[in-house]
Amino acid sequence: MENNVRAVLEELNEEQRKAVQCLEGPVLIVAGAGSGKTRVLTSRVANLLAHGCDPSRVLALTFTKKAAGEMKERIAIMVGYKKARKVVMGTFHSIFVRFLREYASVLGYPEQFTIYDQSDSTSAVKTVIKELGLDDAVYKPRDVLARISAAKNNLITVSAYKTNAEALKSDSYAKKPRLVDVYERYQQRLKQSGVMDFDDILVNMNILLRDSREALEDISSRFSHIMVDEYQDTNLAQYIIVRKLAEKHRNVCVVGDDSQSIYAFRGARIQNILNFKKDYPECRVFRLERNYRSTRNIVEAANSVIEHNAGRIPKKCYAEGDSGEKLHVIKAYTEQHEAAEIVYSIQDRIRSEGAKYEDFALLYRTNAQSRALEEQLRRRNIPYMIYSGNSFFERAEVKDMMAYFKLVVNPLDDESFKRAVNKPARSIGDTTVKELEAAAASAGVPLFKAAYLEGLETYGLRAAAIAKLRAFCAMIDRLAQLVSNTDAFELAQHIADDSGLYAFYKSDNSIEGQARTANVEELINSVKQFVEEREEEAEGAEDVFTLDDYLENVSLLSNVDVADDEDTNNKVALMTAHSAKGLEFPFVYVTGLEENLFPSQSSQLSAHEVEEERRLFYVAMTRAKKVLTLSYAGTRMRNGRHESNPPSRFLSEIESRYLDKPLGGRIEKTGGTNQDRWSRGSSPMGVAGATRRPATMNEGAGPLKHPWVGQRPPYGSSTGSTGKPSTPLKPVDPDFVALPMTAFRPGMRIEHNRFGFGEILEITGSVPELKARVRFDELGEKLLLLKYAKMRLEKKA
DNA sequence: AAAGCGGTACTTTTT
DNA sequence: GTACCGCTTT
């Protein structure tokens, strides 16, 4: 083992080794992008253990489960699995939840409290707003929640808020004087429901350490060394917890990069890392400046951008070895064109360099931008995986099933109660639920308890409704008795059956219904996977892994955590720049580099926020190992409108010697050529435009080639005499997309997004009101207006 | 109680 | 362009 660590040390560069060997006292490791941060952190843990430190006395905090998992794995390789698993390593939230369960009673929560995700929290806020008789157009639930969240991140509890003149003033200025009441009632509701939201986990941890000397003493004495990853992203609540836990031994090692601080909107305080030296004057500082990930061109180009930010921790990141390709810039007319160029470039790399799909990442500022990329990838049959907010767990049917899981684990959870109570239909309608809510509010109890109150009739409930409610509660209660001693998978199946929810979805045979059933099955399957993984880790110990374990695990997942190997196996990755942090890919495309998009609109006003956007762009650039391509479009569809924006200022901040050709600048109207149609901004697409063809698009369009010239059309063959590509997926822009509706003929087999496969029987009407009568295999005949119908030729097997 | 409609807001990022 | 809400209808 000693030898192991010696070998580990030998592989490090000098600065890395110094950091790994500095085991006592406060340590700040400033780790540039790609500088081997994870290697240093894990080596340092291994080194601590080699020096006799008890692994269970090492606490390591990360932001994502993925980061924690990777570190654990790497530590296991160095010191063996047995020791590695004893290290207390995980996300801030998951580790703190563990502590909070131990001390739940001190805080007045049930030990098995559950956790609300963002959508649960939003609907709870909405409930409160209505309950208080406020207008939800003024008190927009999302905004209100953001405000509450900001308060919590800064440890402003309800009582502190009430006396916070500044906060109250700014609320009344924003015409929301009763926001504090919403905050108060929201907290009451959550507590009454035995629920914490994400922020409560940090707030309550602070309250615990502040108010219970015993808890502080107990928890902080469990650890001799604390390590914090991504320290630049910690907020005030996290900062204070770390400070308190490290107070005695002061063996706190934080790792981070101020240039990669991108979560200020979520309360992260870049000062935490900038001020570390003030907090711990005796600290040692190590700078990891050598980038092992990227080529020199990429590293230096990224440097040239980030140098536009003021007040950074001084450091000079550099790479050795190959200068590599210069950065490529794609300028496109529209987002479809941009996407097509990118896809073309991916195919080219695969053909000429033998790259694999999984070597590519497409990054963007907002999730909505994935659509155009997806469409182009799909039409070229390129496998891809989206890591996005709109994930599996946000689908209605999955949420329904999850509501039952949550309710069974915690019957006091009102939001889950309301979601589950009439799905499938039990004749417990809105009226009944409203009446029950009124009863619950006046008794000050959760809905589940309110159902058993005496005298519900006074609230208008009829005997039949009360009986139905109690039958529902009895079913939940019966299942709830099983939670603590039943295997999660087994219980999940019971719930799916007893609730009738599975049968409900199963009975729907439509295409969509089948997809929903598949999703519910997949959810239950994920419970099974969870149990199996845990059993494997437990190595034959007789533990039972229960549904509350599963819920906790799932509710603290992030976007990048959700994807498993099967999902990501050799697929192009699509994600936001935020989600990409901590990841790396040989080929990276940073897309949508336009003003008002990246940097985003809302950052226009404050220099502060522009700097955060710039750091985000820096993060995106530094994901690339080998080739970095940047792209922007002259016009793109946003909120159903065409928008034109000039290229992002960030592009011109890159020193030109790192670009493969000079920046073209804005795609301007030149007049005369048809190029102007791509830059005309918000003017709507006229019907008249539909008669124009993209045939001459190349003329006068500079270096741009038509994205599909020389390419095989996606499905079937071109039908028109013009030789234009035919049948795109979506007639987004009739000028550009070559008149899809005229391509359909009777007898063709088609595939419709919603109705499935079918055969065209007849085409009637004339452009643009062409209609098709289609006989669908599953659903019989339908008349579709081709202008709107989302259909394409059936793909030949 | 479910389905169908018309209007509106949405798009910054998320543990 | 779409998702969601609230209203109306069956």
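Per chain, numbering begins at 1; letters A, B, ... match sequence-line order.
No salt bridge links A:Lys434 with A:Glu437; every basic N to acidic carboxylate O contact stays at or beyond 4.0 Å.
The separation between A:Ile386 atom CD1 and B:dT14 atom P is 13 Å, rounded to whole Å. Rounded to whole Å, atom P of B:dT13 lies 19 Å from atom CZ of A:Phe63. Residue A:Phe198 contributes atom CZ, which lies 16 Å from atom P of B:dT13 at whole-angstrom precision. Rounded to whole angstrom, the span from the NZ atom of A:Lys140 across to the C1' atom of B:dA9 amounts to 8 Å. Between the CD atom of A:Gln601 and the C1' atom of B:dT13 there is a distance of 14 Å, rounded to whole Å. Whole-Å rounding puts the A:Arg371 CZ to C:dG1 P distance at 10 Å. If you take CG of A:Asn367 and P of C:dG1, they are 20 Å apart, rounded to a whole angstrom.
Take the nearest nucleotide of DNA chain B for A:His578 and for A:Pro424: the residue whose nucleotide is more 5' is A:Pro424.
The pairing partner recorded for B:dT13 is none, the criterion being a Watson-Crick or G-U wobble arrangement whose two distances lie under 3.5 angstrom.
Side-chain proximity of A:Phe265 to the nucleotides B:dA2, B:dT15, B:dT13 is greatest for B:dT13. Of the candidates B:dT13, B:dA1, B:dC10, the closest approach to any side-chain atom of A:Ala425 belongs to B:dA1. Closest to the side chain of A:Asn422, from the set B:dT15, B:dA1, B:dT13, is B:dA1. The side chain of A:Ser427 approaches B:dA1 more closely than any other nucleotide in the set B:dA1, B:dT13, B:dC10. Comparing atom distances between the A:Gln118 side chain and each of B:dT15, B:dT13, B:dA2 picks out B:dT15 as nearest. Side-chain proximity of A:Asp136 to the nucleotides C:dG6, B:dA2, B:dT14 is greatest for C:dG6.
Here A:Lys126 lies in heavy-atom contact (under 4.0 Å) with sugar-phosphate atoms only. No engagement by A:Lys468 is indicated, since no non-hydrogen atom pair under 4.0 Å with the nucleic acid exists. Counting non-hydrogen atoms under 4.0 angstrom, A:Ile428 reaches the backbone sugars and phosphates but no base.
Screening A:Tyr632, A:Phe617, A:Tyr618 for a ring pair (Phe, Tyr, Trp, His ring centres under 6.0 Å) with A:Phe598, the sole residue that qualifies is A:Phe617. Checking each of A:Asp258, A:Thr234, A:Asp233 against A:Asn272 for a side-chain hydrogen bond (donor to acceptor under 3.5 Å, both in side chains) leaves exactly one that passes, namely A:Thr234.
Remark: ring of A:Tyr263 not stacked against base of B:dT14; the cut-offs of centroid gap under 5.5 Å and plane tilt under 30° are not jointly satisfied.
One finds no side-chain N or O of A:Asn153 lying less than 4.0 angstrom from the OP1 or OP2 phosphate oxygen of B:dT15. Side-chain nitrogen and oxygen atoms of A:Thr576 include at least one within less than 4.0 Å of the OP1 or OP2 phosphate oxygen of B:dT14. Taking 4.0 angstrom as the limit, A:Ser600 places none of its side-chain polar atoms (N or O) nearer than this to OP1 or OP2 of B:dT13.
Relative to the ring axis of A:Phe113, A:Arg101 places its NZ or CZ within 45° and under 6.0 Å from the centre.
Between A:Phe63 and A:Thr91 the shortest side-chain heavy-atom distance does not fall below 4.5 Å.
By the side-chain hydrogen bond (donor to acceptor under 3.5 Å, both in side chains) test, A:Ser631 is found to be paired with A:Glu338, residues two or more places apart in sequence or in another chain being considered.
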